[in-house]
Structure formats: C-alpha cells, structure tokens
A.B. asks: 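Please see the structure below; I have some questions.
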Amino acid sequence: MDIMDPPIPFLDLKAQQARLGAALRARIDAVLAHGQFILGPEVTELEGRLAAFCGAAHCVSVSSGTDALQIAMMAEGIGPGDAVFLPAFTYTATAEVPLLLGAMPVFVDIDPATFQIDPVHLRVRIGDAVTRGLRPRAIIGVDLFGQPAPWPELRAIAAEEGLFTLDDCAQAFGAALEGARLGREADATAVSFFPSKPLGAYGDGGALFTESAERAALYRSLRTHGEGTTRYDVQRIGMNGRLDTLQAAVLLAKLEVFEAELARREAIACAYDAGLAGRVGVPARVAEAASAWAIYAVLCADGAARDAAQARLTARGVPSAIYYPRPLHHQPAYRAAHDGVALPVSEDVATRIMALPLHPDLSDAQVARVIAAFGGSDETGG
Ligand SMILES: *Cc1c(COP(=O)(O)O)cnc(C)c1O
C-alpha cells in the first residue's frame with residue numbers, strides 16, 4: 001500500500017448512491033411527480049415489501065427507530081411504576097424511551113463474548129426491580145451490532161414472568177436466527193433506517209413489525225396522533241410518527257440491492273476474522289445466527305492497547321470508532337435512574353472495544369489495507 005492512498009471512509013454512502021444509479025432517481029422523481037409526501041403509495045408498497053422480506057405479518061413504517069420503540073411501548077400502556085429491562089451496553093435510544101414514558105429502565109449486564117444481554121443476569125435484575133417496588137413489564141432485547149439477542153432465552157423468561165418483549169432491531173434488519181430473518185422474535189420488533197444502519201434512508205426512518213393485527217392497528221393510530229376511523233376522530237394520545245414518502249422511495253430502491261449488500265458485509269467480516277484472529281479479539285458469532293454486520297467490533301487487551309491501535313490505524317488512513325465508550329448506567333442522564341449495582345462486563349468492554357470500517361462498498365484492497373494496518377500482535381493483544 002502507498003502512503004499516498006486516501007483514507008478509507010468509515011461509511012461510503014456516495015459510492016452506494018453511484019451503484020444504485022438511475023433506479024434511485026426514478027423512485028424519487030415519481031414522488032416529486034405525484035406529490036403525496038405523507039403516506040403516499042411508496043409507504044404502503046414499502047411496508048408490504050419489508051414484511052415479506054422478514055416474514056412478518058404486519059409492518060408499520062414510522063419516523064425513526066426511536067419512535068418505533070416509543071410507539072411500541074405506548075401501545076402496551078407502559079408508564080410510571082413499570083420496570084423495563086434492557087442491556088446497559090447499547091445506544092441511548094433504547095433506555096431513553098422508557099424514561100420519556102415515565103417508566104424505569106433497569107440495566108442488565110452483557111455476555112462478554114457476544115456483547116448481547118445476559119439472560120442469567122436478567123433474572124437477577126427482575127428480582128432487584130421487584131425489591132425496589134417496581135412492576136416488571138417489558139424486556140427490550142437489543143440485537144447489538146447486527147447479531148441477534150438470545151431470543152429463545154429472553155422469550156422463556158418473558159413467558160414465565162408475563163412480560164412484553166420488544167426487539168430493538170435498529171442495527172440488525174436483515175439478520176437471521178435459526179434460518180429466520182429477525183422480525184418475529186418478540187411481540188414487536190423496532191427497526192431503524194438511520195443512514196448508517198444496514199438498510200439506511202437519506203434521513204430518519206423506522207418500522208415496527210408484529211404478528212398481532214391489534215398491535216399493528218394501534219401502531220397505525222399512534223403514529224398519526226391517535227386517530228381513529230377518520231382524521232378528526234381522536235381515540236388516544238399519539239404522536240406525529242410517520243415515515244416520509246420520499247424516504248420510503250429511497251428505501252424501496254435500496255431494498256433491491258440489500259441482499260447482495262448483506263452478503264458483501266458477511267464476506268468482509270470473514271476476511272477480517274481470518275486476517276485479525278490472534279492479533280486482536282475478533283467478534284464471537286452468535287450460534288445459529290447470521291449477522292447484518294452493522295458494526296464489526298474487535299476487543300483490544302486494554303484501554304492503552306486500544307489507544308495505540310487507533311493511533312496506528314489513523315496514521316495509515318484507516319478510521320475506527322468506539323461503540324460505546326460508556327455503558328448507559330455511567331452516563332450522567334441515567335445516574336438517577338440506576339440502582340447503583342456494578343455491571344462489570346459492560347464497564348470492561350466499553351474500555352477495550354473498537355469498531356472497524358465495514359460497509360458494502362469497501363473493496364478487497366481496502367479490506368486488506370485495514371488488516372495490514374494492524375501490523376503484528378504486540379500492540380493490540382487479544
Ligand atoms: C440507531 C439505534 C436506535 C435509534 O434509531 P433512530 O432511527 O436513530 O431513532 C435505537 N437503538 C439502537 C440500538 C440503535 O443503534
């Protein structure tokens with residue numbers, strides 16, 4: 001590799017746009033021509049295509065992944081006094097929604113190998129919540145980095161305890177568990193189309209999936225101000241949570257290439273695994289699963305090794321990022337909500353984790369450059 005090679009982009013939406021070509025423009029032009037910018041025909045078409053893609057009975061598109069989480073919890077009537085169990089190692093959106101609704105997020109530690117919520121610790125935390133006088137109501141399993149949460153275990157606990165299950169699938173649309181695409185693992189599944197997610201729009205967007213016709217009808221009502229059978233029939237307090245028609249048009253164009261993009265992501269992840277194993281901790285695969293590879297995260301030996309690795313990569317034009325530098329229970333915004341228990345795995349992983357570029361427009365040469373930038377095993381360790 002040449003020292004003059006330009007830096008590798010962490011995400012390359014321009015290359016993807018060029019690859020999508022005229023089909024993308026045609027989709028956008030069709031919306032400009034018909035002018036139905038809210039709940040236009042592309043929104044209905046997209047909902048049908050997305051439901052078919054993951055085999056779900058119902059898809060309700062919404063304005064973002066965060067709003068998908070909020071609408072799902074509003075539909076269950078989750079609020080003050082309710083405990084909502086979720087991993088401490090996730091994006092803030094997962095935990096902010098229960099608090100916005102007056103409910104209490106209860107942070108659960110993660111599995112040190114897969115970084116997914118730890119079902120054994122979940123049982124402990126349900127007991128802790130009851131001791132605090134909270135009413136256990138819901139489990140949010142996050143399919144972190146694109147791999148599925150331990151859904152069979154989470155469903156078993158939810159069935160025993162009578163809890164609602166919500167899949168925060170913001171990072172994992174397109175992933176699969178035991179051969180089935182995510183979308184039916186929980187009572188409701190929330191997906192994000194933020195531009196950097198595996199299936200990304202050119203703005204904010206999201207979707208909810210459910211097998212329940214009653215829930216789907218509630219989601220449609222809640223995303224449009226709680227409307228009933230007509231626009232000025234207000235049945236409940238809702239929100240303005242619709243997906244724009246222009247974003248639906250963009251997503252329809254991107255859906256055409258999505259399977260090929262997922263395959264390319266998997267090939268890059270395999271190349272990283274092969275090139276980096278032994279030099280740094282490569283991500284453990286969740287059993288019986290296919291990842292959507294939103295994020296390819298390696299574990300360094302410690303914080304100093306991560307600093308050294310990041311500096312070395314930066315000097316070679318290879319970007320890296322840290323998801324997440326702090327577990328949520330250590331964030332100022334959540335300190336008052338947390339009961340103070342230590343969550344040692346989340347705390348440790350946050351000090352050592354580092355994400356490498358992984359997007360479908362990375363060339364084989366760029367992948368080789370990322371691997372070569374790691375050099376020997378001395379700095380990063382396992
Ligand atoms: C991105 C993300 C969200 C929020 O999605 P938005 O569309 O940005 O609102 C929620 N949870 C997780 C785990 C995410 O990564």
Side-chain angles (χ1 to χ4, degrees), residues 10-11 13 46 50 59-74 84-101 105 107-108 110 114-117 138-151 154 165-175 182-183 185-186 188-209 219 222-223 239-244 247-248 250-251 254 286 291-297 321-329 331 333-334 346 349-350 353 355 358-359:
F10 195 78
L11 179 72
L13 294 178
L46 178 71
L50 292 174
C59 171
V60 180
S61 62
V62 295
S63 41
S64 69
T66 307
D67 288 345
L69 294 169
Q70 179 164 339
I71 288 170
M73 281 188 254
M74 285 170 79
V84 177
F85 302 91
L86 52 99
F89 195 66
T90 180
Y91 184 57
T92 183
T94 318
E96 79 187 334
V97 172
L99 279 171
L100 284 170
L101 297 177
F107 297 110
V108 180
I110 56 167
T114 63
F115 315 135
Q116 308 294 329
I117 190 169
I139 300 169
I140 309 181
V142 178
D143 306 311
L144 198 77
F145 299 161
Q147 296 211 85
W151 285 109
L154 297 182
T165 51
L166 176 54
D167 183 355
D168 181 343
C169 190
Q171 301 179 0
F173 188 66
L182 300 186
E185 299 296 330
T189 297
V191 166
S192 167
F193 303 126
F194 187 82
S196 63
K197 308 285 170 151
L199 180 62
Y202 287 152
D204 281 308
L208 276 161
F209 297 88
Y219 299 163
L222 287 166
R223 78 172 174 187
M239 52 200 280
N240 179 350
R242 295 169 298 239
L243 179 74
D244 290 353
Q247 298 306 336
V250 168
L251 289 164
K254 291 206 189 185
V286 169
S291 179
W293 292 113
I295 290 167
Y296 185 93
I322 297 175
Y323 307 109
Y324 297 94
R326 257 194 220 176
L328 292 182
H329 66 296
Q331 290 286 4
Y334 295 108
S346 299
V349 167
I353 200 157
L358 197 164
H359 58 76

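When a ligand or atom number is given, it counts from 1 through the structure's own listing order.
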A.B. asks: At a 4.0 angstrom heavy-atom cut-off, what protein residues surround ligand 1?
C.D. replies: Ser64, Gly65, Thr66, Thr90, Tyr91, Ala93, Thr94, Val142, Asp168, Ala170, Gln171, Ser192, Phe194, Lys197, Gly205
A.B. asks: Test: side-chain hydrogen bond (donor to acceptor under 3.5 Å, both in side chains). Region: residues 84-97. Which pairs qualify, not counting sequence neighbours?
C.D. replies: Thr90-Thr94, Thr92-Tyr334, Thr94-Asp168
A.B. asks: Applying ring-ring contact (aromatic ring centres under 6.0 Å, His included), can you list everything that pairs with Tyr324, at least two apart in sequence or on another chain?
C.D. replies: Phe89
A.B. asks: Kindly write out the residues that satisfy ring-ring contact (aromatic ring centres under 6.0 Å, His included) with Phe145, not counting sequence neighbours, or none if the list is empty.
C.D. replies: none
A.B. asks: Out of Leu166, Ile140, Ile139, which residue meets the side-chain contact (heavy atoms from CB on, under 4.5 Å) rule with Leu86?
C.D. replies: Ile140
A.B. asks: Kindly indicate, with the supporting measurements, whether the criterion side chain to side chain contact (heavy atoms under 4.5 Å, CB included) is fulfilled by Leu46 and Leu243.
C.D. replies: CA-CA 10 Å; Leu46 178 71; Leu243 179 74; 3.7 Å; yes
A.B. asks: Taking Lys254 for its side chain and Leu199 for its backbone only, find out whether a donor-acceptor pair lies under 3.5 Å.
C.D. replies: no
